[in-house]
Amino acid sequence: MRKFYCILVTSVMLVISALSAFGQVGQVNKPKQPTKPTTTKVKKTAGKNSSKTTKSTHHASSTRTDSKLRHTVNSGTASTSSNSSSVVSVTINCNAEAADVYIDNSYLGVSGTSYNLKTGPHIIQLVAGGYEEFVGNFNVTASNRSFNFTMTKKMLQSVLDLVDEMVFVHGGDFTMGSKGLDAEYDEKPAHEVILPSYYISKYEVTQQLWVDVMGGNPSIHIGDMIPVHSVSWDDCQLFISRLNDISGIKFRLPTEAEWEYAARGGNMAKGFMYAGSDSIDDVAWCGIDISAPHEVGDKQPNELGLYDMSGNVMEWCSDWHGPYTAGRQKNSSGALKGEYRVARGGYWESEPSHCTVTYRFPVPPEDVSEYIGLRLVAKTLKTKHNSK
């Protein structure tokens with residue numbers, strides 16, 4: 001019995017040992033699970049590195065403002081846009097009349113015109129006389145095809161010089177016209193005129209000023225400081241309009257009364273026959289031996305410091321030519337209508353009697369003559385550079 005029990009116990013122990021051995025073998029052969037710490041760490045590390053790279057790049061793009069970075073970013077945008085761009089009709093407008101238009105460094109034409117452009121970003125350059133050059137960016141889309149640009153007016157040095165050299169004329173009353181027996185019919189009757197104060201240019205308008213404003217020179221006798229000539233009355237109106245746009249001052253041609261009062265010397269007048277003297281040679285380029293106009297300011301000035309109001313070139317006035325009327329007049333502006341405008345002061349080949357302060361010469365406003373130029377007046381002077 002004891003022997004049987006021993007055998008039984010031994011058998012049980014063998015079974016338990018076998019079962020234990022079987023379990024250990026099962027554990028060894030069980031499929032391994034992914035190593036979470038290692039795998040997870042790799043994935044998280046990769047995720048963090050990717051996030052940092054993106055964040056760092058975004059930060060650089062949003063905070064750096066150097067031109068190289070902007071150029072790179074813009075180039076990338078343009079490249080992306082060009083892949084899907086289409087051509088549309090685009091209108092370019094600006095405040096300067098007929099400005100030259102350059103798109104992406106290529107000349108297209110003038111403002112106010114429609115052009116075919118690809119959708120996407122472009123660089124525009126606008127150039128116009130009397131304005132600062134404009135350069136900017138714009139983006140063309142299917143719904144955004146009309147663009148308006150504002151150019152800044154350029155204050156030219158010649159315009160600044162003109163403003164600085166304007167002479168103030170104190171208002172007052174004077175006898176306009178002539179009482180002389182040898183005076184021309186349209187210089188009579190002599191009559192009293194009352195004028196308010198105004199400014200008048202010290203010199204006749206030079207070719208340099210005309211070219212700076214208009215972009216071309218119509219004169220026959222060329223020289224920067226020679227009076228501009230071969231300009232009609234109508235041409236002068238266009239010149240004055242552009243000059244006013246540039247300067248912000250309302251320049252105009254003088255009335256005959258303003259011209260004569262200033263030529264006589266204003267309230268400092270000494271009663272000279274010519275503008276500043278009774279001797280023509282002192283104050284005027286005038287006579288048959290003079291072959292061309294001279295530079296402004298070479299002769300003596302009159303009492304107000306004005307040059308060449310006798311001789312050199314005749315000067316357009318704003319008035320229509322018409323007969324004088326007797327009686328006291330206030331701020332006379334001449335005839336209400338007519339066929340001719342008035343030129344004053346004589347020119348380089350004139351006889352002396354045509355260079356007096358009273359001589360009047362009727363000229364059709366559309367006529368162009370090498371003998372006629374202009375002088376300017378203004379009621380007030382005020383620019384961002386000069387205030388009076």
Side-chain angles (χ1 to χ4, degrees), residues 49-160 163 208-216 238-249 382-387:
N49 288 342
S50 174
S51 175
K52 281 184 178 180
T53 302
T54 303
K55 184 176 182 180
S56 176
T57 303
H58 174 73
H59 177 72
S61 299
S62 61
T63 58
R64 290 186 62 189
T65 58
D66 59 278
S67 59
K68 289 184 179 180
L69 179 61
R70 287 201 304 271
H71 179 73
T72 302
V73 172
N74 289 339
S75 298
T77 305
S79 175
T80 302
S81 176
S82 63
N83 291 334
S84 58
S85 63
S86 59
V87 175
V88 296
S89 179
V90 174
T91 302
I92 303 295
N93 298 307
C94 78
N95 58 318
E97 181 181 355
D100 289 327
V101 177
Y102 298 81
I103 303 294
D104 302 327
N105 296 320
S106 296
Y107 177 72
L108 291 190
V110 297
S111 58
T113 307
S114 295
Y115 303 104
N116 292 326
L117 297 177
K118 289 183 178 181
T119 56
H122 295 278
I123 298 173
I124 185 169
Q125 178 184 10
L126 300 172
V127 179
Y131 290 83
E132 301 286 352
E133 181 181 301
F134 177 90
V135 178
N137 298 306
F138 69 108
N139 192 57
V140 176
T141 65
S143 60
N144 191 18
R145 303 185 183 186
S146 181
F147 299 89
N148 297 303
F149 299 96
T150 300
M151 299 184 71
T152 302
K153 295 172 186 176
K154 182 190 295 182
M155 186 58 76
L156 304 167
Q157 185 58 50
S158 57
V159 176
L160 293 175
V163 174
Q208 178 180 336
L209 177 58
W210 186 279
V211 170
D212 284 347
V213 173
M214 300 296 286
L238 179 58
F239 164 78
I240 290 171
S241 176
R242 292 186 180 180
L243 174 63
N244 292 351
D245 190 43
I246 294 169
S247 67
I249 297 173
K382 187 177 181 182
T383 71
K384 60 183 179 181
H385 302 278
N386 192 349
S387 179

Output for pair (N137 CG, H122 NE2), nearest 0.5 Å, gives 11.0 Å
Rounding to 0.5 Å, atoms CD1 (I103) and NZ (K118) come to a distance of 14.5 Å
For the backbone of I123 and the side chain of D104, can you confirm whether one donor and one acceptor N or O come within less than 3.5 Å of each other? yes
Looking at Q157, I'd like to know if its CD atom is crowded, meaning that more than 12 non-hydrogen atoms belonging to other residues, nucleotides or ligands lie closer than 6.0 Å. yes
Worked check of side chain to side chain contact (heavy atoms under 4.5 Å, CB included) between S111 and N93: CA-CA 5 Å; S111 58; N93 298 307; 5.9 Å; no
Heavy-atom closest pair (S158 atom, L209 atom, distance to 0.1 Å) is OG-CD1, 3.6 Å
Table please: side-chain donor-acceptor pairs of residues 127-136 below 3.5 Å, with sequence neighbours left out.
from, atom 1, to, atom 2, distance (Å)
Y131, OH, D245, OD2, 2.7
E133, OE1, Q125, NE2, 3.4
E133, OE2, Q125, NE2, 2.9

dist Y115:OH -> L108:CG (nearest 0.5 Å) comes out at 6.0 Å
Practice prompt. Give a yes or no answer on whether the side chain of T119 reaches the backbone of S86 with a donor-acceptor pair at less than 3.5 Å.
Written response: yes
Rounding to 0.5 Å, atoms CG (L243) and CG (L238) come to a distance of 11.0 Å
Rounded to the nearest 0.5 angstrom, the CZ-CG distance for F147 and L117 is 8.5 Å
Nearest heavy-atom approach of S247 to V159 is CB-CG1, 3.8 Å
query: Are any non-hydrogen side-chain atoms of V110 and D100 less than 4.5 angstrom apart?
result: yes
The reported gap from CD1 in I124 to CG in N105 (rounded to nearest 0.5 angstrom) is 12.0 Å
When every non-hydrogen atom of L126 is compared with those of C94, the smallest separation belongs to CD1-CB, 3.9 Å
